[in-house]
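Have a look at the structure below, then the notes.
Owing to the predicted nature of the structure, the values given are computational and were not obtained by experimental measurement.
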Amino acid sequence: MPRTLLLLLALAGPALADLSAGVARVEFTPSGRVPLAGYGSRFGKLSTGVHDPVHARALALEADGRRFVLAVVDLVGITREVREDVVARLPDLRPDEVLIAATHDHSGPGGFGRHPLATVTCGFYSDERREAVVAAVVEAIRRAREALAPARLGTGTVDLTGFSRNRRVSGGPVDPEGGLVRVERVDGSLLAVWVHFTAHPTLLSGDNLEVSAEWPGALCFALEEAHPGATALFTNGAEGDQSPAGVRGDGDFARVADYGRRLAEAVEGPLSALRTSGDLAIRTRLDEVDLPLSAFGDFVPRRSWLHRVELGDTVWYGIPGEPVVEIGLELKAAALAAGHRAGFVIGLANDHLGYFT
């Protein structure tokens, strides 16, 4: 190689990052009255207004020819049919490259699930509401992928002790370890932050009839306000028996805002300390598995998915429902035993089969 070219390469600085990332959010707040999903006690009552907007958010990653897209939506859950519709509208992505999760918001729009049992907690089915969800998720993914640009990423954990409690067993096990993903543009500015934590968004009770993204929305809004130009995403963990703790404030919405803000403050230090890199190994696997026979017969599906995503030396397990925390802790321990630096369980991923105990 000519000495002149060698000199130019030496003076060119670091090579462009192999990793590309893009992020987007799409609002799908209903304009009219809709059933809210999450509490059977509402008995299909329609919303009376909107307290704060609901969104579909997407983070797209590409590295070394591998791709992964995380889409998170402010809903109580994701149905198999919604996931299948979304994937069908994204033919350039393989099914294993797309993980769709719900925050488990109990005050988000309902009416998107066809299954008769969904009527109890999600309200009567509507083609219009289902299409609104599917269209928002598809558009968020498309925008995120259109925005792909060289980036750097770092992953880590955060201690969130005191923010959760076991609602099934007094003093029972909790999972205070949160997960963090920091995505930067090549100039060092924050592009996206992904926060993972394990607790039910049930600070608003079944008496609430206003659309809200609950405390996960408050968390994301607080992070986005603190970091203009960045988009925040939240995924929930093995939250089947986990509820918020240490809640403060006078009134339900004040408590939601305070809890989300304090979570955002708690992750700021570890977030800023994360080291990022443009080198990222991405591996994805999606297994469709047979389900056992149920006493409920055809009301319970016979197949669903288990999703596994490796981002560098961390692994993320997508579970189609709500595992109790013991299951989550066992999977996290197994990840460490297998040599991963950290493991995380994403509940409410790709489908919703109820509780896993």
Checklist entry - For atom CD of Glu128, is the number of surrounding heavy atoms from other residues, nucleotides or ligands below 6.0 Å larger than 12? => result no
Item to check | Pairwise distance CH2(Trp194) to CG(Leu311) - rounded to 0.5 angstrom | outcome: 5.5 Å
Checklist entry - Above 12 or not: heavy atoms from other molecules or residues under 6.0 Å from CG of Asp187? => result yes
Checklist outcome for this item: Sorted by chain and residue number, the salt bridge (charged side-chain N to carboxylate O under 4.0 Å, His left out) partners of Arg168 (sequence neighbours excluded) come out as Asp241, Glu326
Next on the checklist: Could you go through Arg42 and Ser107, starting from their C-alpha distance and side-chain angles, then the distance that decides it, and tell me whether this counts as side-chain contact (heavy atoms from CB on, under 4.5 Å)?
Outcome noted: CA-CA 11 Å; Arg42 289 192 178 114; Ser107 289; 3.5 Å; yes
Checklist entry - Using 30° and 60° as the class limits, which term best fits the ring planes of His196 and Phe344: parallel, tilted or perpendicular? => result perpendicular
Next on the checklist: In the structure I gave you, are the side-chain heavy atoms of Val82 and Ile100 within less than 4.5 Å of one another anywhere?
Outcome noted: no
Item to check | Residue pair Asp92, Arg145: steps toward the side-chain contact (heavy atoms from CB on, under 4.5 Å) verdict | outcome: CA-CA 11 Å; Asp92 54 334; Arg145 298 196 66 226; 2.5 Å; yes
Checklist entry - Rounded to the nearest 0.5 Å, what separation is found between the CD1 atom of Ile319 and the CD1 atom of Ile346? => result 9.5 Å
Next on the checklist: Would you compute the distance between atom CG of Leu274 and atom CG of Leu153 and round it to the nearest 0.5 angstrom?
Outcome noted: 9.0 Å
Next on the checklist: Considering only residues two or more places apart or on different chains, which pairs with a residue in residues 259-271 satisfy side-chain hydrogen bond (donor to acceptor under 3.5 Å, both in side chains)?
Outcome noted: His227-Glu268, Asp258-Arg261, Asp258-Arg262, Arg261-Glu265
Item to check | Salt-bridge criterion met for Glu27 and Arg25 (N-O under 4.0 Å) | outcome: no
Next on the checklist: Tell me whether the count of non-hydrogen atoms from other residues, nucleotides or ligands lying under 6.0 Å of CZ in Arg275 goes above 12.
Outcome noted: no
Checklist entry - Do any N or O atoms from the side chain of His104 and from the backbone of Val76 form a donor-acceptor pair under 3.5 angstrom? => result yes
Item to check | Positive for ring-ring contact (aromatic ring centres under 6.0 Å, His included) with Trp215, one of Phe221, Phe234, Phe253, Phe163 | outcome: Phe234
